[in-house]
Amino acid sequence: MAKSALVGKIHINCPVCSRLHEVEERSRMNSTSIKGEKVFYEEHFYVCSESQENGERREFQTESLTDLNLMAARNAYRREHHLLTADEIVQVREGYGLTQAEASRLLGWGGATIARYESRAIQDEAYDTLLRMISKNPFEAIAFLDKNGEQFSELKRMQIRTKMIEKLELYGKEYLARQVFASEYVNFSIPSDFNGYKLLDIDKLEGIVSYYAERQSELYKVRLMNMLWYADALHFKTYGSSMTGLVYRHEAMGVLPVGDTSLMALKNVNVTIQEDYESTGFRFYPNTALDLSVLSKNETSVLESVIAKFKNYDTSLMVSYIQEESACAQTEHGNIIPYSLAKKVRTL
């Protein structure tokens with residue numbers, strides 16, 4: 001039996017020995033071919049302790065477990081190609097209170113299209129783009145309702161519009177804040193040495209801020225901005241691209257990303273202003289509503305190494321450490337720090 005991990009134990013009617021008894025549910029990495037590509041996914045299976053074959057306990061899958069494994073493989077392919085997973089498609093649809101058929105009609109697709117994407121089919125990039133559009137921007141969802149509203153009864157159309165307006169009120173400020181932030185990166189709209197060969201990724205940025213805040217007892221602006229740069233620099237050094245697509249300048253307090261004020265205005269960035277008689281501080285907190293699956297294992301590993309490195313550094317010592325990095329030493333104050341200089345960043 002290939003190396004596997006125990007998930008749990010359940011009592012079922014075992015099809016291997018035709019008895020009701022306790023079996024182990026285990027998981028392991030497996031691979032399969034989807035659309036001509038080899039993909040790796042986590043496979044689940046059961047093990048019968050009452051029978052053996054060639055000296056090993058016999059394993060089996062139920063029909064439902066086979067379906068889950070097929071879905072895991074398809075979702076692995078989706079993630080590899082930056083497509084929404086089946087669960088994420090469900091979240092988009094349910095976010096507007098739509099059934100599978102209603103979501104398909106809203107977008108002008110065949111009635112069973114969404115149902116297929118949530119169960120067995122993999123959407124192409126064009127369909128994925130439309131789903132992402134209505135997920136991120138309720139204005140787009142309302143535009144589709146205006147276009148395809150005749151597909152619904154008047155009552156249902158009103159119910160859907162009400163849900164969209166509610167979502168717009170919840171996410172509208174975030175959308176507008178994102179637009180303002182993104183506008184500051186209009187001069188960095190192609191991958192380059194300035195953005196680490198990655199376009200601005202606000203979802204990932206918000207996830208990183210929350211990840212840091214969850215693991216730091218007190219996280220203030222200067223510390224956060226320097227930790228963002230260090231993570232991006234290390235990721236670039238190791239994998240050839242930044243994580244966030246942020247562009248950084250060398251400043252008196254270490255480094256600051258372009259648009260740092262707009263960054264703090266993002267609705268999903270949980271920040272409060274703390275004032276005393278002498279100064280104003282910006283303290284960051286986790287956002288428990290965010291889905292941190294936007295961060296890959298490699299990315300969280302980089303973040304953890306940054307956290308561990310500066311765990312016992314106060315902000316002043318941390319800034320001094322970063323100012324001594326060759327990336328800062330070779331860049332004038334106020335100038336952009338090219339990511340190519342991050343190749344010399346000290347390993348944590």
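Quick note: residue numbers are just sequence positions, from 1.
H235 and Y239 have tilted rings, their planes meeting at an angle from 30° to 60° on a 0 to 90° scale.
Looking at heavy atoms from C-beta onward, P257 lies in side-chain contact with Y185 at the 4.5 angstrom threshold. Inter-residue side-chain proximity for Q323 and H250 is flagged as met; some heavy-atom pair is nearer than 4.5 Å. With contacts defined as side-chain heavy-atom distances shorter than 4.5 Å, the pair V269/E206 qualifies. Side-chain atoms of L106 and L145, non-hydrogen and from C-beta on, do get closer than 4.5 Å to each other. Inter-residue side-chain proximity for L130 and I134 is flagged as unmet; no heavy-atom pair is nearer than 4.5 Å. Looking at heavy atoms from C-beta onward, L246 lies out of side-chain contact with V258 at the 4.5 angstrom threshold. For the pair R78/Q123, a side-chain contact is recorded, criterion being any heavy-atom separation below 4.5 Å from C-beta on. Counting only heavy atoms from C-beta outward, the side chains of F284 and M264 approach each other to under 4.5 Å.
Between R93 and E118 there is a salt bridge, since at least one side-chain N of the basic residue sits less than 4.0 Å from a carboxylate O of the acidic one. A salt bridge does not link R79 to E88: none of the charged nitrogens lies less than 4.0 Å from a carboxylate oxygen. Ion pair R26/E59 not flagged as a salt bridge, since none of the NZ, NE, NH1 or NH2 atoms sits closer than 4.0 Å to an Asp/Glu carboxylate oxygen. A salt bridge does not link E218 with R223: every distance from a Lys NZ or Arg NE/NH1/NH2 to an Asp or Glu carboxylate oxygen is 4.0 Å or more.
Residues meeting the side chain to side chain donor-acceptor pair (under 3.5 Å) test with S33, sequence neighbours left out: none. Scored by the side chain to side chain donor-acceptor pair (under 3.5 Å) test, H21 finds no partners at all (sequence neighbours excluded). Scanning for side chain to side chain donor-acceptor pair (under 3.5 Å) contacts around R19 gives E50, with sequence neighbours left out. Shown here are the side chain to side chain donor-acceptor pair (under 3.5 Å) partners of D146, two or more places apart in sequence or in another chain: R161.
Residues V222 and V209 do not share a hydrophobic cluster, clusters being chains of Ile/Leu/Val/Met/Phe/Trp/Tyr side chains in contact below 4.5 Å. Under a hydrophobic clustering in which Ile, Leu, Val, Met, Phe, Trp and Tyr are joined whenever their side-chain heavy atoms come within less than 4.5 Å, directly or via other members, I142 and F152 fall into the same cluster. No single ILVMFWY cluster, assembled from side-chain heavy atoms under 4.5 Å apart, contains both Y41 and I89. Under a hydrophobic clustering in which Ile, Leu, Val, Met, Phe, Trp and Tyr are joined whenever their side-chain heavy atoms come within less than 4.5 Å, directly or via other members, F181 and F282 fall into the same cluster. Connection of L317 to W229 is established within a shared hydrophobic cluster, with ILVMFWY side chains joined at heavy-atom distances below 4.5 Å, either directly or through further cluster members.
Counted by atom type alone, T85 and D87 present zero donor-acceptor pairs between their side chains at under 3.5 Å.
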If you look only at distance, which donor and acceptor atoms sit under 3.5 Å apart when one is on a side chain in residues 188-195 and the other is two or more places apart or in another chain?
unit_1: S189; atom_1: OG; unit_2: V186; atom_2: O; d: 3.4
unit_1: S192; atom_1: OG; unit_2: F194; atom_2: N; d: 3.2
unit_1: D193; atom_1: OD1; unit_2: Y339; atom_2: N; d: 3.2
unit_1: D193; atom_1: OD1; unit_2: S340; atom_2: N; d: 2.7
unit_1: D193; atom_1: OD2; unit_2: S340; atom_2: OG; d: 2.8
unit_1: N195; atom_1: OD1; unit_2: S192; atom_2: N; d: 2.8
unit_1: N195; atom_1: OD1; unit_2: Y197; atom_2: N; d: 3.1
unit_1: N195; atom_1: OD1; unit_2: K198; atom_2: N; d: 3.4
unit_1: N195; atom_1: ND2; unit_2: F188; atom_2: O; d: 3.3
unit_1: N195; atom_1: ND2; unit_2: I190; atom_2: O; d: 3.0

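At least one donor-acceptor pair under 3.5 Å links the side chain of K204 to the backbone N or O of V294. The closest donor-acceptor contact from the side chain of Y248 to the backbone of L228 lies under 3.5 Å. Put simply, the side chain of S135 never gets that close to the backbone of R132: no donor and acceptor are under 3.5 Å apart. In this structure, the side chain of S326 does not engage the main chain of A329 through any donor-acceptor pair within 3.5 Å. A donor-acceptor pair is defined here as one N or O able to donate and one able to accept, closer than 3.5 Å; no such pair exists between the side chain of S301 and the backbone of K297. Under the 3.5 Å distance criterion, the side-chain polar atoms of N268 are left unmatched by any main-chain donor or acceptor of N287.
Heavy-atom neighbours of K343 NZ from other residues, nucleotides or ligands within 6.0 Å: at or below the threshold of 12. Within a 6.0 Å radius of NZ in K35, other residues, nucleotides and ligands contribute more than 12 heavy atoms. Around atom CD of E150, more than 12 heavy atoms belonging to other residues, nucleotides or ligands sit under 6.0 Å away. H333 NE2: more than 12 foreign heavy atoms inside a 6.0 Å radius. The number of heavy atoms from other shown groups lying within 6.0 Å of CD (E125) does not exceed 12.
Between S305 and V302, the shortest heavy-atom contact is OG-O, 2.7 Å. When all heavy atoms are compared, the tightest approach of V255 to M225 is O-CB, 3.7 Å. Taking both residues in full, the closest heavy atoms of A86 and M71 are given as CB-SD, 3.5 Å, listed atom of the first, atom of the second, then distance. For the pair C48 and C17, the tightest heavy-atom approach, listed with the atom from each and the gap, is SG-SG, 3.8 Å. Here the closest non-hydrogen pair linking V345 and K237 is O-NZ, 2.7 Å. Closest approach of P286 and N270 over heavy atoms only: O-ND2, 3.1 Å.
Considering CG of L234 and CE of M243, their distance stands at 8.0 Å, rounded to 0.5 Å. Interatomic distance, CD of E37 versus OG of S31, reported as 13.0 Å (0.5 Å rounding). Between atom CH2 of residue W109 and atom CD1 of residue I114 there is a gap of 4.5 Å, rounded to the nearest 0.5 Å. For the atom pair CD (E43) and CG (L70), the distance works out to 9.5 Å, reported to the nearest 0.5 Å. In this structure, OG1 on T300 lies 7.0 Å from CG on L295, to the nearest 0.5 angstrom. Between the OG1 atom of T331 and the CD atom of E251 there is a distance of 11.5 Å, given to the nearest 0.5 Å.
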Next item on the list: Kindly determine whether K221 and D260 satisfy side chain to side chain contact (heavy atoms under 4.5 Å, CB included), including the steps that lead there.
Entry: CA-CA 9 Å; K221 180 181 177 181; D260 59 289; 2.7 Å; yes
Note to self: Please evaluate residues D314 and S316 with respect to the criterion side-chain hydrogen bond (donor to acceptor under 3.5 Å, both in side chains), reporting the C-alpha separation (whole Å), side-chain torsions for both, the decisive distance (0.1 Å), and the verdict.
What the structure shows: CA-CA 6 Å; D314 61 25; S316 176; 4.7 Å; no
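Applying the 4.5 Å side-chain rule to ILVMFWY residues, one finds I34, V39, Y77, L83 in the same cluster as I122.
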